[in-house]
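Reading through the structure tokens given below for one structure.
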Amino acid sequence: MKKRFIILIVLITSIIILVFTYSAFIKKGFTKKIKELIGRQITIDDLDFNPATFSFTIKGLTIYETNEVDTFIFMNEAFIDLSSLQLKNDIYAISEISMDGLYINIVKNKQQFNFDDLYQKKETASVTDTTTSSPIQYSFKNISIRNSNINFSDQESKQTINFSNLNLKLPELAWDNKRPEIGLDFNFGHYGKMHIKSQIDQNNQTYTVNLKINDFNLHSIKDYFTEYINIKDLTGSLNINCQLWGSLENIENLKIGGTAEIKELVFYGDNHEELASIKSISTDLLYFKPTKSSFFLKSIKISEPHLNYSFNNESNNWDGVFISNNSNRKEDAESNKLNYLIKSASIEKGSVSITDHTLKQAFNYHIKDININTIDIENQTTIIPINYSANLNEEGSLKGNIKINKNQPDNYSINAKLSKLQLATFSPYSEYYLAYPILNGFLTYDFSLSKTPESIVNHNAFEIFDPIFGKKTHDNAIVKVPVRAAFNVLKGKNDLIKFDIPIEGNPSDPEFSLSEKIKTELKKFLTEAASKKVKEISNTVKTKVKQLNKIVEIIKLKNAQDKIPFNQKPLLMKVADRVVTQDANKIIFSQYTNSETEKEEIALQEVKIQYLMSKQKPAKRNRNTAQAKAKLLSDNKPDFVQYINQNTTLSQSATIKQKCINIIGESEIDNLLNSLISQRNTNLEEYLSKLKMAPNTYEIKTNQIIDSDTLSTPIFIIEEVFTGNHPDVYFEE
């Protein structure tokens, strides 16, 4: 009895020792076997085996790089439940496989990855199995990966992408499960999220993958763009919602469909200057078959693109941005044939800002509301129609269309209609090249060009309304052209200049140049027009006195100002003296103003007067006193702003001047403007009388007041009038 008891004690003790030491044996054998298989150093902090549940828990698993120092893979914890494992009849079942805190460091150097040796090791160690066996039956359930990270480093481009918070869920992977599902989601570090859900249909040998990418920051991959464009930085977010359909048997049978959008895309150049931006690029992809080089786009839309272009005498801000790719790769043209259909493509609300630093003063021009669209473009389409329109610096408009022959790029047609372009905007150019400022005038231009490899038919129809040039500057003209004389030659009724320059030719002729042809035809046209004008004047010179005008001075006033400023009066004295000394026969004063800015200033001043009068005692209210103080009152004085907000019916988002117009009323503002214009003429006339100018020696025009959006302040244009037989004045500056 005693002997049996001792045997039982020894047996129990042996089992306890085995249970508590078995994990150590497994750990040692496991690490040794893995190292033999993959050829990498491996360490495990802890390996626990639970014989009651027949499960393993592995903690602190590390697989090193080939240098046996750097970490290739680290796993915080893994759990494997083998309680349902069946080794007989070739049935392998695992109840659960879970990994937590998995970290994988992938490094790419040129075309080599830091795991390439694992494939080579596997190929070296592989042994061909010649035995015949029945299909393996397997069932792996509850497969999951949690809180994991993958770090990818491209040493060649020095680009790093981190896939963080990676979670994978696979409910079941079994030999008899015909429709397994896999769910995967992770973060691109701090740069966005991805969610993948896939389903495999083994009966039909097909698969479906739903993929979503949310707010992926393009800044994280900006270095990959530098192969094509030379930029300093790139920002924007990418969103994709697409579905992939494919075949397990035929990998080429793949189709992709869905939507994609890039938001707030911005390209930066040197000194973090914004080169271009796009509010959004969106596309609706009905399907894309990459292996068959075909796609069908329902729409592609580019919203609010903006381009900044500035230049000086040496360079422009886009110099060197685009990198030419002189690849000498020879590709099979037939294999790269693309089949496509784009139902609609458009650019909406685009804009371009142009700054020219080559002149004496910087020239800024803004093109807005650029809209471009086309429809039904496919690989079999020959003619691509494009419609476009734009707003030119808030002054004019541009509309037209282009037709391009896709198969013959030299075969195209362009039509453009430019309407109401303000010439005064381009005064910096006329001052720089011609030494004359442009004060007023509108241009309408009809352009048409039809081109084939053998012919060009071009029409250039111009209409110029009310062109007015200012006094010649003290600078020397770069281009010696009698521009004002030319305008006098071309003027017709109502100060309208209208002419057309048709061009025809053969572009295949080496002697042909469209620009030179236009110059030649323009010179010919002006010569003929001048000869005709001289003849007309010569025929009437004996019976009719001809009046010729020359702009000599410009008087500038402030908005809402009714009297000639003191510092401008010497100009009046000078022109008055020319009449007295008979150097000129007559002086004409023409008033020009921008009614919108004048109305705003009039309304502001009127509300200031009302505000100051409200502060006066009822018995001592005096408009003249309030009017004098109004000039010193700040627009942003808190009490004054509060007074405006209490008396306007407009929202708080409206400007102060808009609120002032609302308080005074549109009709009253019109009356005040008309009274102001009349008062200016009256005050001018009174001052001319003081200068002893006889009424017949000057004229103040009140019926030619026009609005000019380019005028920041009102002006009087002063013209000297010469009478007599002076036909040559038309052709001399």
Side-chain angles (χ1 to χ4, degrees), residues 352-356 358-368 390-400 416-447 460-473 475 477-501 518-519 522 525-526 529 549-554 556 588 590-597 701 704-719 730 733:
V352 177
S353 296
I354 303 170
T355 304
D356 183 355
T358 63
L359 310 175
K360 288 183 172 59
Q361 54 180 320
F363 171 77
N364 297 292
Y365 201 78
H366 304 282
I367 304 174
K368 300 180 179 179
N391 175 292
L392 305 178
N393 215 48
E394 303 292 352
E395 302 160 350
S397 62
L398 175 66
K399 292 183 178 180
K417 172 75 172 183
L418 193 156
S419 302
K420 294 184 179 180
L421 182 69
Q422 262 283 7
L423 295 178
T425 304
F426 299 91
S427 185
Y429 285 100
S430 67
E431 291 182 44
Y432 182 78
Y433 290 102
L434 307 174
Y436 281 96
I438 303 178
L439 302 178
N440 195 73
F442 296 91
L443 170 68
T444 296
Y445 176 37
D446 275 332
F447 172 85
N460 303 275
F462 295 88
E463 289 185 356
I464 304 175
F465 302 86
D466 296 324
I468 298 176
F469 285 87
K471 182 183 177 182
K472 189 177 186 301
T473 66
D475 300 313
I478 294 177
V479 180
K480 305 289 185 181
V481 177
V483 61
R484 293 201 304 175
F487 273 81
N488 282 330
V489 167
L490 299 174
K491 273 185 181 179
K493 293 182 179 180
N494 301 319
D495 289 334
L496 172 64
I497 298 173
K498 187 176 182 179
F499 59 95
D500 187 8
I501 302 177
I518 292 176
K519 290 179 183 178
L522 179 59
F525 169 78
L526 291 175
N549 297 3
K550 179 181 179 182
I551 296 175
V552 291
E553 296 291 354
I554 300 171
K556 295 181 180 181
I588 296 179
S590 301
Q591 187 183 160
Y592 293 85
T593 186
N594 182 333
S595 63
E596 295 303 319
T597 56
K701 292 186 177 182
Q704 291 190 4
I705 297 171
I706 63 171
D707 292 336
S708 176
D709 293 337
T710 59
L711 291 177
S712 58
T713 60
I715 61 172
F716 273 105
I717 295 179
I718 305 175
E719 298 174 273
Y730 278 94
E733 292 297 326

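Scope of the values below: all heavy atoms of this structure, side chains included, with no hydrogens, waters or symmetry mates. By convention here, the first residue in the shown sequence is residue 1.
- Of all non-hydrogen atoms in L392 and L418, the two that sit nearest each other are CD1-CG, 3.9 Å.
- The two atoms that bring I367 and A390 nearest to each other are CG2-CB, 3.9 Å, heavy atoms only.
- In this structure, the separation between CG on D356 and CD on Q361 is 11.0 Å, given to the nearest 0.5 Å.
- Counting heavy-atom neighbours within 6.0 Å of K368 NZ, excluding the residue itself, gives a total of 12 or less.
- For the pair N393 (side chain) and H366 (backbone), a donor-acceptor distance under 3.5 Å is present.
- Taking the side chain as every heavy atom from C-beta outward, I464 and F442 never approach each other to under 4.5 Å.
- The heavy-atom pair separating A461 from D500 by the smallest distance is N-OD1, 3.5 Å.
- Between the side chains of T355 and N364, at least one donor N or O sits under 3.5 Å from an acceptor N or O.
- Residue F716 holds its CZ atom at 15.0 Å from NZ of K556, rounded to the nearest 0.5 Å.
- Put simply, the side chain of Y445 does not reach to within 4.5 Å of the side chain of L421, judged on heavy atoms.
- The distance from the CD1 atom of I717 to the CD atom of Q591 is 11.0 Å, given to the nearest 0.5 Å.
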Checklist line | Check against side chain to side chain contact (heavy atoms under 4.5 Å, CB included), Y433 and L359 | finding: CA-CA 9 Å; Y433 290 102; L359 310 175; 4.3 Å; yes

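- Listed here is the closest heavy atom pair of S430 and Y436: OG-O, 2.7 Å.
- The aromatic rings of F426 and Y429 sit tilted, their planes meeting at an angle between 30° and 60°.
- Closest heavy-atom contact between T444 and K417: CG2-NZ, 3.6 Å.
- The heavy-atom pair separating F363 from T425 by the smallest distance is CE1-O, 3.2 Å.
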Margin query: Pair I588, K701 - check side chain to side chain contact (heavy atoms under 4.5 Å, CB included), show working.
Written below: CA-CA 7 Å; I588 296 179; K701 292 186 177 182; 3.5 Å; yes

